[in-house]
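Input: a single structure, listed below in structure tokens.
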Protein chains: 2
Amino acid sequence: MDDRKKSASTLKDVANAAGVSLGTASKVLAGAASVSEARQRQVWEAARKLGYRRNSLAAELRSCRSTSIGFVVPDLTNSFFIELVCALEDHALESGYRLILAHAQEDPEREAERIRFVLSRQVAGMIIIPCHGYEHAISELRECDVPLVMADRVDNSFPANTVTTDSHRAAMDGTAHLIALGHRRITFIVNALDLVNSRERAQGYQDAMQRAGLAQHANVVVCGMSDTESHATTLGVLAARERPTALFTGANVATLGALRAIRDAGLQLPDDISLLSFDDAPWMSVLRPGISSIRQPAEAIARGIWHLLHKQLQGESPEIVHLRMRADLRVRDSTGPVRNGEWGEAARAAAARPL
Amino acid sequence: MDDRKKSASTLKDVANAAGVSLGTASKVLAGAASVSEARQRQVWEAARKLGYRRNSLAAELRSCRSTSIGFVVPDLTNSFFIELVCALEDHALESGYRLILAHAQEDPEREAERIRFVLSRQVAGMIIIPCHGYEHAISELRECDVPLVMADRVDNSFPANTVTTDSHRAAMDGTAHLIALGHRRITFIVNALDLVNSRERAQGYQDAMQRAGLAQHANVVVCGMSDTESHATTLGVLAARERPTALFTGANVATLGALRAIRDAGLQLPDDISLLSFDDAPWMSVLRPGISSIRQPAEAIARGIWHLLHKQLQGESPEIVHLRMRADLRVRDSTGPVRNGEWGEAARAAAARPL
DNA sequence: CTGAAAGCGCTAACAC
DNA sequence: GTGTTAGCGCTTTCAG
């Protein structure tokens with residue numbers, strides 16, 4: 001709360017100082033060529049001298065056009081989302097738009113508020129990566145025909161343009177990698193099953209296990225949305241009488257918690273246990289052992305999002321498109337062959353069976 | 001660019017539907033008690049039915065007050081800044097404000113643009129963590145009396161409220177830790193010396209070396225603002241004939257690059273070389289070896305920033321305040337005693353000398 | 001308590 | 001080319 005009318009000079013001031021009319025000043029500052037060079041100079045000079053700064057609230061209100069795009073992100077702590085932010089900022093800038101970032105902090109209520117906030121600022125378009133339990137938040141968008149692209153945590157049933165990773169397939173690939181290494185007791189640790197993509201990841205894992213005849217070993221554990229929860233959960237998993245030989249973490253938080261738990265349990269990666277992480281991060285390739293991960297194609301996703309949004313901004317294509325991207329496996333050092341000593345006969349037999 | 005006048009219902013629509021005047025509707029929606037309950041109900045009902053959403057551009061334009069705070073951040077890739085973002089969002093929300101995040105991506109030009117953008121949206125206040133070479137960007141703020149707090153990459157000479165970490169002291173502490181472990185050949189790797197805080201950190205390191213009689217071993221290496229640069233730089237450092245026994249990285253990027261270089265060089269942490277990182281990150285405590293680091297008190301800094309900003313928002317205290325926070329050392333596993341075999345006689349003698 | 005009316009700073013017709 | 005004018009959607013006096 002603060003009125004600062006004291007100093008801010010307005011277009012009127014500039015026009016007066018330049019000795020032209022308000023309309024002319026407006027045109028000049030908007031870059032119109034239809035004003036004589038002499039006056040253009042006068043106006044620019046006056047603006048400079050007065051330290052004039054356009055009030056874009058007024059400009060946008062009057063013209064009913066905005067060059068801002070609202071981007072609602074659930075978690076700035078996740079480097080995948082940050083990559084998206086950076087890439088999208090570049091795309092937006094290139095097309096003459098600006099991003100207004102809104103951070104939901106994985107809280108559906110806050111997300112709803114963020115959406116309301118962004119919408120009330122009359123953005124030209126929106127990009128949303130929802131939190132879990134976002135139905136309520138999304139209902140903020142009803143009866144609102146802002147160009148919209150949803151990403152990552154949505155599926156193809158969503159009645160809007162979406163860009164997602166094929167999580168099911170990626171999780172199958174990851175699981176197959178682990179199985180090929182001889183692992184049978186593979187536990188999948190996931191943040192929350194009410195996130196569509198996490199559910200897909202878990203499903204991909206289960207399908208891969210089943211396809212390998214390992215359905216009886218399939219074990220999906222939900223670890224929550226925080227480090228501490230996932231740490232505690234993984235500690236529990238590791239303390240089981242039949243400890244898994246491999247962990248597949250289905251999300252950023254899960255990986256952090258699992259890693260800390262593995263460390264606390266005094267286990268070595270990959271000799272005592274293997275770990276595969278869904279979602280890559282810069283630090284994963286920097287230490288020894290490097291963490292094997294599934295990397296989502298952030299750049300491609302951002303490009304897809306912007307493509308879909310931009311088309312709408314230009315008034316094109318009202319039909320809904322669902323883009324689906326392929327993630328790839330980055331095998332590093334945290335996934336290794338299972339230790340023979342740990343295999344029972346049944347596991348050995350299963351290993352012999354073709355996948 | 002998009003006019004969507006088609007559906008968006010305005011306050012006038014609501015007033016008409018509720019059968020009251022525009023002014024009354026405005027008052028009700030603003031929460032005024034001075035309207036009869038019956039009419040209040042009517043207005044709310046009409047607003048609900050029409051899916052009314054306030055146009056805050058218009059509201060703020062008219063009332064000359066905003067509840068948005070611009071926060072210009074140089075690098076969302078750095079978890080320290082992310083911590084600041086999260087904490088500040090909470091503070092702002094608690095006081096009824098909202099953050100508008102603007103990402104400068106370590107680019108002074110983009111930073112200038114971001115500042116202009118935020119300012120043109122008539123924010124009530126600003127928080128800025130500058131990039132290097134920010135002088136130009138900052139000049140955007142001239143003749144502009146928005147409440148302002150600068151943080152992190154500024155020093156006490158800045159003519160505005162600032163909140164910073166005592167980098168000099170923290171770097172001295174870190175260096176002393178390394179020296180106490182017997183290290184003599186300690187190299188300080190820093191992103192850029194035109195960042196005030198990096199400069200302070202380097203200075204702290206040098207002062208500590210000097211104080212320990214190790215001035216001849218002091219070596220500050222600049223590694224640039226990107227992973228790849230810092231990786232290459234560190235590789236060079238490690239290839240020197242007299243390889244340092246410890247690295248002290250003065251920034252986030254430097255740590256990442258150094259770690260990758262150490263890995264590529266086939267060196268073990270901390271047996272072959274020790275590493276201390278200025279700036280902590282969640283992943284540093286999750287793997288083995290844990291990375292010893294200097295942790296800036298992000299929460300306290302955020303609190304300080306908000307405190308200073310909030311005072312200004314309430315029109316208090318025009319005198320400038322400089323808050324300075326203390327960082328602490330988190331000793332983990334990446335810093336260990338120097339290997340005896342590597343010591344020459346001179347080093348041995350230096351080690352015997354009290355610090 | 002309620003409505004009418006005057007703008008916030010700016011853009012976009014529209015006349016001259 | 002240039003100035004005048006009518007609002008964008010809203011808040012806020014100010015009469016009644």
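Reminder, nothing fancy here: chain letters follow the sequence lines and each chain counts from 1.
- Distances were taken from every side-chain heavy atom of A:Arg62 (C-beta onward) to each of C:dC8, C:dC10, D:dG3; the shortest belongs to C:dC10.
- Contact annotation: side chain of A:Arg39 to base of D:dG1, donor-acceptor pair absent below 3.5 Å.
- Residue A:Lys27 contributes atom NZ, which lies 10 Å from atom C1' of C:dC14 at whole-angstrom precision.
- Within the nucleic acid shown, B:Leu22 comes within 4.0 Å of at least one base atom, counting heavy atoms only.
- For B:Ser9 and B:Arg53, the side-chain atoms include no donor-acceptor pair closer than 3.5 Å.
- Residue A:Ser26 is classed as a base contact, given a heavy-atom separation below 4.0 Å to a base.
- At whole-Å resolution of the value, CD in A:Gln122 and P in D:dG9 are 9 Å apart.
- For A:Glu113 and B:Arg98, the salt-bridge test passes: some basic side-chain N is under 4.0 Å from an acidic carboxylate O.
- Atom CG of A:Leu29 and atom C1' of C:dT11 are 12 Å apart (whole Å).
- For the pair B:Ala58 and B:Gly23, nearest-nucleotide mapping onto DNA chain C gives the more 5' position to B:Gly23.
- In this structure, A:Arg54 reaches the C:dT11 phosphate: one of its side-chain N or O atoms is under 4.0 Å from OP1 or OP2.
- Considering all non-hydrogen atoms of both residues, B:Pro130 and B:Val154 come closest at CG-CG1, 4.0 Å.
- Judged by distance alone, the side chains of A:Arg54 and B:Ser120 never bring a donor and an acceptor atom under 3.5 Å apart.
- Rounded to whole Å, atom P of C:dA4 lies 12 Å from atom NZ of B:Lys12.
- Proximity note for A:Asn55 (side chain, C-beta onward) versus D:dG9, C:dG9, D:dT12: the nearest is C:dG9.
- Taking only side-chain atoms of A:Ser36, from C-beta outward, the nucleotide of D:dG9, C:dT2, D:dT2 with the closest atom is D:dT2.
- Taking side-chain N and O atoms only, A:Arg65 has no distance below 4.0 Å to OP1 or OP2 of C:dC10.
- For A:Ser21, a side-chain nitrogen or oxygen approaches OP1 or OP2 of D:dG3 to under 4.0 Å.
- If you take CG of B:Leu61 and C1' of C:dA6, they are 14 Å apart, rounded to a whole angstrom.
- One can place CG of A:Leu11 at 12 Å from P of C:dA12, the figure rounded to the nearest angstrom.
- Here A:Asp75 does not pair with A:Arg153 in a salt bridge; the nearest charged N to carboxylate O distance is not below 4.0 Å.
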